[in-house]
Novice: 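Pasting in a structure now, in structure tokens, and then I'll have a few things to ask.
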Amino acid sequence: YYRMRGYNVLQPMGWDAFGLPAENAAMANKVPPARWTYDNIAYMKRQLKSLGFALDWERELATCKPDYYKWNQWIFTRLFKKGLAYKKTGVVNWDPVDQTVLANEQVIEGRGWRTGALVEKREIPMYFFRITHYAEELLAALDGLPGWPEQVKLMQKNWIGKSEGVRVGFPYSLDNEKRVLWVFTTRADTLMGATFCAVAAEHPIAASAARKNPEVAAFVEECKRGAVMEAELAQIEKKGMPTGISVTHPLTGEKLPVWVANYVLMGYGEGAVMAVPAHDERDMEFALKYGLPVKPVIRHPLGDKVPAPWKAEYAEYGSLINSGKYDGLGYQPAVDAIAADLEAKDLGEKQVQWRLRDWGISRQRYWGCPIPIVHCTSCGDVPVPDDQLPVKLPEHLVPDGTGNPLAKMPEFYETKCPQCGGGARRETDTMDTFVDSSWYFARFCCPDQPKSMVDERASYWMAVDQYIGGIEHAILHLLYSRFFQRVMRDEGLMPGVSEPFSNLLTQGMVLAESYYTDASGRREWVNPADVSVERDAKGKILCAQRTSDGAPVVYDGIGTMSKSKNNGVDPQSLIDKYGADTARFYTMFASPPTNTLEWSDESVDGSYRFLKKVWDFSAKFSKAKCAETFDRKIRYQIHLELKKANDDIERQKFNTVASGCMKILNALEELPDWDATSREGLSILMRLLSPIAPHMTHHLWRELGFGEDVMRAPWPVPDPAALEQDEVELVVQVNGKLRGSIRVPKAADRAAIEELARANPNVQRFVAGQNVKKVVVVPGRLINLVV
RNA sequence: GCCCGGGUGGCGAAACGGGUAGACGCAGCGGACUUAAAAUCCGCCGGCCUUGACCGGCCGUGCCGGUUCGAUUCCGGCCCCGGGCACCA
């Protein structure tokens, strides 16, 4: 479409090829992930070619090839030297039987997917990218992205999660040493209502309490067990235990008890919170459960008291009560006054807090880009120098599911320190595959450049004018790419380009039913194409079995098509049966691209029939026998549809473009004979249809004698003269209900319209004997008589 | 649990800044052509009521309520489904 509009269009394709699914397939089939991956690339490339997407294959790249991932490693060493990549401990899921780290996806109901063993948390050293360095810019720049869906920008905003609040210190002494427990709160106005503090299990206070009290130690251990996913943590029962330590309220001097609680996250803020049960739902739940005091300090819409159960109004802003000198102040004045008083005592100040955490990129897995670090006992962690890059990943290994194969391979990890030349150990962790996918779009601009990550050609093409991806990438992938673009900018690689994608289209997910067998004790996902289902009268699934061997399968509900659930539908069957143009047309016609879609190819026949009708109609057409006259009515319809179709392309509603093509053909079929309308209409139809069904329209365009190449023809635009109308149809309503319609001259005035409307017999039935209080006329649309 | 979306005929959907709900298709039903089938063409196709037939009426966009001359569209509350929650990518 844009090429026909005269633009210089670059449409590349490549393969995001590292990652867990390749390792799993490798284990299942006992072949190296590399081979499995390259075979799949070959299959998919053939399929994409058969669909005729006009891709520039000279720019093809794969993230698992050394000439690509070399630059992951190169940029990592640059970030490491700047302190934007650094090492600290991180928490992972540990399978105690396989002695291996599990991805969140591999933890099913708290157990390892292969072993069924209860998963434990484990702290290990990892490398992190300091994405928080760019938090403020990543947030602020969202306002400068008019081509992004509001929904995605909102999700990113909430994810980055800037909150302005107050850091409050609660002094205490431990082992005769004066210390301060710091908490962050966005509700400093409720500080006078704080009745206890709660800390995370990993907090130093919890650790010291655990040393003295075995009960606390047992509870801390309990909290540390289990998986690491936030969704899971948020749903567990809120539990806590007193540490026996108390802190001093910074303003009242009161003693407040400190509890360890499983709902406090070490990763956010200070890993500790002040609890105000009167005005926070979670705190109230906790206080009621453990008999802790509740002290209201805000006048809320329901009054001064906060009787259980919790009501949302308790959390609303209001003026302060029971707060001594702060009584009567509203939210902001109260926060200002309290922050000032805390600052005077050195026990607090206003603070900005981010929800965004730094990006942990270490993976204890084989099929990924090696992290270019050498561990030397005398020099520490040394980045691999440029002239030794890339650190190549051996491609012949078959993982067995127990730990990282690289760590069992001395010829990989035994090395020399680049600094002192002494014996050293190479890092065996690989990078998160999100690193690979955070900058590939820029490499497409210059995939053959051997000397640098990107060159000046990237500055010509970037930013990407139209990026397309699933809505599931709304946060992580898109945020990491925005971070990487800034990293590359600040390395001087693409000066002035801060955002990678000017316009973003987020596709809806394609959903399908998924099924598994668990005969072997663990889930084996069965493709829906291999499942026979019995349903009741309402379509609900009664039972299902694998078609190939009759094994019973469990229905796991409807969800995203994914590699992990093996519920994808291969478009090849559609291409084989109907051809590429029908597959493409149907995909466009089925629904707008942003919709989620439950996949069904039941109605492909309609798309096939339409294209066949276009073919047959064109075959019958004879240019020589055309009259030189236009059919005004049909020409109007065609140009109206063309106008709508052009609007719809801009709105990215391709399903109505496809139906517009159908309407144009329907209109053409009403013409009694070939004439100028047929000729012009066919020419418009071919061009409108060419981005959707290029193979067929390319052929027909020539056969019809319109020219050599439809894809080089100018994009059709409606003729304003064809859209002129002398009369319009108006709907007549009485009290907002449809009672009839009238045809009026385009220039008719209000009085004339009203007179015609009142003359309509059905309208008279509903107006008769009643007083018309008001007449609403919407030009070109309707007249409403209010009685 | 938290954040973001979605819910319209039997099905996919349309209605673009409140203005004719269901365009365009699929499936279905009836008919034409045919020895027959396929293909193709024509007609009907949200529910209920009224009518001999037209004409027409009432209800209807997940549920409850509100704003408005008028609500699929705006507002409040709820239910269900999907996406994300930092190691699937």
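Letters go in sequence order (proteins before strands), and every chain restarts at 1. Only a predicted model underlies this, so the values are computations on that prediction, with no experimental measurement involved.
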Novice: Kindly confirm or rule out a cation-pi arrangement of A/Lys88 over A/Phe128, judged by NZ or CZ under 6.0 Å from the six-membered ring centre and within 45° of its axis?
Specialist: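 Checked: cation-pi criterion met.
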Novice: Provide the distance between the two P atoms, one in B/rG62 and one in B/rA13, to the nearest whole Å.
Specialist: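 Rounded to whole Å, the distance is 14 Å.
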Novice: Among residues two or more places apart or on two chains, list those pairs meeting salt bridge (charged side-chain N to carboxylate O under 4.0 Å, His left out) that have a residue in residues 729-738 of chain A.
Specialist: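 Qualifying pairs: A/Glu729-A/Arg743.
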Novice: Atom pairs under 3.5 Å, N or O on each side, protein against nucleotides 10-17 of chain B: can you list them with distances?
Specialist:
unit_1: B/rG12; atom_1: O2'; unit_2: A/Ala590; atom_2: O; d: 2.4
unit_1: B/rA13; atom_1: O3'; unit_2: A/Asn655; atom_2: ND2; d: 3.1
unit_1: B/rA14; atom_1: OP1; unit_2: A/Lys653; atom_2: NZ; d: 3.3
unit_1: B/rA14; atom_1: OP1; unit_2: A/Asn655; atom_2: ND2; d: 2.9
unit_1: B/rA15; atom_1: OP1; unit_2: A/Arg651; atom_2: NH2; d: 3.1
unit_1: B/rC16; atom_1: O4'; unit_2: A/Arg651; atom_2: NH1; d: 3.3

Novice: If you take all heavy atoms of A/Tyr69 and A/Pro370, which pair is closest and at what distance?
Specialist: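 Closest approach of A/Tyr69 to A/Pro370, heavy atoms only: CE1-CD, 4.2 Å.
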Novice: Under the side-chain hydrogen bond (donor to acceptor under 3.5 Å, both in side chains) rule, what pairs show up with a residue in residues 353-363 of chain A, not counting sequence neighbours?
Specialist: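 Passing the test, one end in residues 353-363 of chain A: A/Tyr86-A/Asp358, A/Thr132-A/Asp358, A/Trp359-A/Asp432, A/Arg363-A/Asp432.
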Novice: Are A/Lys289 and A/Glu237 within salt-bridge range, i.e. N to O under 4.0 Å?
Specialist: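 Yes, charged N to carboxylate O under 4.0 Å.
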Novice: Need one value for A/Gln151: base, sugar-phosphate or nothing, where a base atom within 4.0 Å counts as base even if backbone is also close, heavy atoms only.
Specialist: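 The answer is sugar-phosphate, as A/Gln151 gets under 4.0 Å only of primed atoms, P, OP1 or OP2.
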Novice: Return a table of donor-acceptor pairs under 3.5 angstrom between the side chains of residues 757-765 of chain A and protein atoms on other chains or two or more places apart.
Specialist:
unit_1: A/Arg758; atom_1: NE; unit_2: A/Glu754; atom_2: OE2; d: 3.2
unit_1: A/Arg758; atom_1: NH2; unit_2: A/Glu754; atom_2: OE2; d: 3.3
unit_1: A/Asn760; atom_1: OD1; unit_2: A/Asn762; atom_2: N; d: 2.9
unit_1: A/Asn760; atom_1: OD1; unit_2: A/Val763; atom_2: N; d: 3.2
unit_1: A/Asn762; atom_1: OD1; unit_2: A/Arg765; atom_2: NH1; d: 2.8
unit_1: A/Asn762; atom_1: ND2; unit_2: A/Arg739; atom_2: O; d: 2.9
unit_1: A/Gln764; atom_1: NE2; unit_2: A/Arg758; atom_2: O; d: 3.0

Novice: Please report the distance, rounded to the nearest Å, between CE in A/Met509 and P in B/rC81.
Specialist: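 Rounding to the nearest Å, CE of A/Met509 and P of B/rC81 are 18 Å apart.
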Novice: Which whole number of Å gives the distance between the P atom of B/rU8 and that of B/rA15?
Specialist: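 It comes out at 15 Å once rounded to the nearest Å.
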Novice: B/rU61 and B/rG18: how far apart are their C1' atoms, nearest whole angstrom?
Specialist: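 15 Å, rounded to whole Å.
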Novice: Just checking A/Leu356: base, sugar-phosphate only, or nothing, at a heavy-atom cut-off of under 4.0 Å?
Specialist: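 Base: the residue A/Leu356, judged by heavy atoms under 4.0 Å, touches a nucleobase.
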Novice: Does A/Asn666 put a side-chain nitrogen or oxygen below 4.0 Å from OP1 or OP2 of B/rG25?
Specialist: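 It does, given that an N or O in the side chain of A/Asn666 lies less than 4.0 Å from OP1 or OP2 of B/rG25.
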Novice: Think A/Arg363 has a side-chain N or O under 4.0 angstrom from the OP1 or OP2 of B/rC87?
Specialist: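 Yes, because at least one side-chain N or O of A/Arg363 sits under 4.0 Å from OP1 or OP2 of B/rC87.
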Novice: Quote, to the nearest angstrom, the C1' distance that separates B/rG77 from B/rA86.
Specialist: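 Straight-line distance between the two C1' atoms is 33 Å.
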Novice: Go through the structure and list residues passing side chain to side chain contact (heavy atoms under 4.5 Å, CB included) with A/Asp605, not counting sequence neighbours.
Specialist: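 For A/Asp605 the side chain to side chain contact (heavy atoms under 4.5 Å, CB included) partners, ignoring immediate neighbours, are A/Tyr578, A/Arg609.
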Novice: Measure from the ring center of A/Trp439 to the ring center of A/Tyr480 and say whether it is less than 6.0 Å.
Specialist: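 A/Trp439 vs A/Tyr480: aromatic centres not under 6.0 Å.
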Novice: Checking all strands, does A/Leu154 fall into the base, sugar-phosphate, or nothing category for heavy-atom contacts under 4.0 angstrom?
Specialist: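 Sugar-phosphate only.
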Novice: As a quick check of understanding, evaluate side chain to side chain donor-acceptor pair (under 3.5 Å) for A/Gln364 and A/Asn404, giving each step before the final call.
Specialist: CA-CA 6 Å; A/Gln364 299 67 45; A/Asn404 181 353; over 6 Å; no
Novice: Contact class for A/Tyr268 (heavy atom, under 4.0 Å): base, sugar-phosphate, or nothing?
Specialist: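 Nothing: the residue A/Tyr268, judged by heavy atoms under 4.0 Å, touches no strand.
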Novice: Would you indicate what A/Arg765 reaches in the nucleic acid, counting non-hydrogen atoms under 4.0 angstrom: base, sugar-phosphate, or nothing?
Specialist: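 Sugar-phosphate, no base atom in range.
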Novice: What pairs meet the side-chain hydrogen bond (donor to acceptor under 3.5 Å, both in side chains) rule with one or both residues in residues 654-667 of chain A, with sequence neighbours excluded?
Specialist: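 Residue pairs passing side-chain hydrogen bond (donor to acceptor under 3.5 Å, both in side chains), neighbours aside: A/Asp648-A/Thr656.
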Novice: Got a sec, which residues hit side chain to side chain contact (heavy atoms under 4.5 Å, CB included) with A/Ala22, two or more places apart in sequence or on another chain?
Specialist: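 Listed in chain order: A/Pro33, A/Trp36, A/Thr37, A/Trp367.
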Novice: Between the base of B/rC88 and the side chain of A/Glu472, is there a donor-acceptor distance below 3.5 Å?
Specialist: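 No, the side chain and the base share no sub-3.5 Å donor-acceptor pair.
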Novice: Check the pair A/Thr594 / A/Gln507 against side-chain contact (heavy atoms from CB on, under 4.5 Å), numbers first and verdict last.
Specialist: CA-CA 4 Å; A/Thr594 49; A/Gln507 291 168 232; over 6 Å; no
Novice: Sequence neighbours left out, what passes salt bridge (Lys or Arg N to Asp or Glu O under 4.0 Å) with A/Lys153? Give chain and number order.
Specialist: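 Checked A/Lys153 against salt bridge (Lys or Arg N to Asp or Glu O under 4.0 Å); matches are A/Glu150.
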Novice: When you compare the protein's N or O atoms with those of nucleotides 41-50 of chain B, which come within less than 3.5 Å of each other, and at what distance?
Specialist:
none

Novice: Can you check the distance between B/rU20 and B/rU73, where both ends of the measurement are the P atom (answer in whole Å)?
Specialist: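 Each nucleotide's P atom is 13 Å from the other's.
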Novice: So how far is it from A/Asp429 CG to A/Arg365 CZ, rounded to the nearest 0.5 Å?
Specialist: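 One gets 10.0 Å once the value is rounded to the nearest 0.5 Å.
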Novice: Do the side-chain N and O atoms of A/Asn567 and A/Asn527 include a donor-acceptor pair separated by under 3.5 angstrom?
Specialist: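 Result is no, nothing qualifies.
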Novice: My understanding is that only residues two or more places apart in sequence, or in another chain, count here; which of them pass ring-ring contact (aromatic ring centres under 6.0 Å, His included) with A/Phe501?
Specialist: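 Partners of A/Phe501 under the ring-ring contact (aromatic ring centres under 6.0 Å, His included) test: A/Phe441, A/Tyr467.
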Novice: Indicate, with a heavy-atom threshold strictly under 4.0 Å, whether A/Leu20 touches base, sugar-phosphate, or nothing.
Specialist: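 Here A/Leu20 touches the backbone only, sparing every base.
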Novice: Under 3.5 Å, which protein N or O atoms sit close to an N or O of nucleotides 68-75 of chain B? Give each pair with its distance.
Specialist:
unit_1: B/rC69; atom_1: O2; unit_2: A/Asn784; atom_2: ND2; d: 2.3

Novice: Take atom C1' in B/rC59 and the same atom in B/rG6, then report the distance between them in whole Å.
Specialist: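 Comparing C1' positions in B/rC59 and B/rG6 gives a spacing of 26 Å.
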Novice: Would B/rG9 be called syn or anti here, given the cut-off of 90° from 0?
Specialist: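 Syn, since the glycosidic angle lies within 90° of 0.
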Novice: Within the structure shown, what part of the strands sits under 4.0 Å from A/Val107 by heavy-atom distance: base, sugar-phosphate, or nothing?
Specialist: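 It contacts nothing in the nucleic acid.
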Novice: May I ask you to say what A/His473 touches in the nucleic acid, namely base, sugar-phosphate or nothing, with a heavy-atom cut-off under 4.0 Å?
Specialist: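 The residue A/His473 makes base contact.
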Novice: Taking the same atom, C1', in B/rC58 and in B/rG1, what whole-Å distance lies between them?
Specialist: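 Taking atom C1' in both B/rC58 and B/rG1, they lie 45 Å apart.
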Novice: Describe the nucleic acid contact of A/Phe434 in one word from base, sugar-phosphate, nothing, applying a heavy-atom distance below 4.0 Å.
Specialist: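 Touches a base.
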Novice: Would you measure the distance from the C1' atom in B/rC74 across to the matching atom in B/rU68 and give it in whole Å?
Specialist: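 Comparing C1' positions in B/rC74 and B/rU68 gives a spacing of 10 Å.
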Novice: Which nucleotide sits closest to the side chain of A/Ala234: B/rC87, B/rG57, B/rG1?
Specialist: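 Side chain of A/Ala234 sits closest to B/rG1.
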Novice: Please classify the nucleic acid contact of A/Arg739 as base, sugar-phosphate, or nothing, using heavy-atom distances under 4.0 Å.
Specialist: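 Sugar-phosphate contact only - A/Arg739 comes under 4.0 Å of backbone atoms but never of a base.
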Novice: Pull out every stem in RNA chain B, meaning runs of 3 or more consecutive Watson-Crick or G-U wobble pairs with both distances under 3.5 Å.
Specialist: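 Stem segments, range with range: B:1-7 with B:79-85, B:10-12 with B:24-26, B:28-32 with B:40-44, B:46-49 with B:56-59, B:62-66 with B:74-78.
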Novice: For a quick check of understanding: with a heavy-atom distance under 4.0 Å over all strands, which category does A/Trp359 fall into, base, sugar-phosphate or nothing?
Specialist: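 Nothing, no nucleic acid heavy atom in range.
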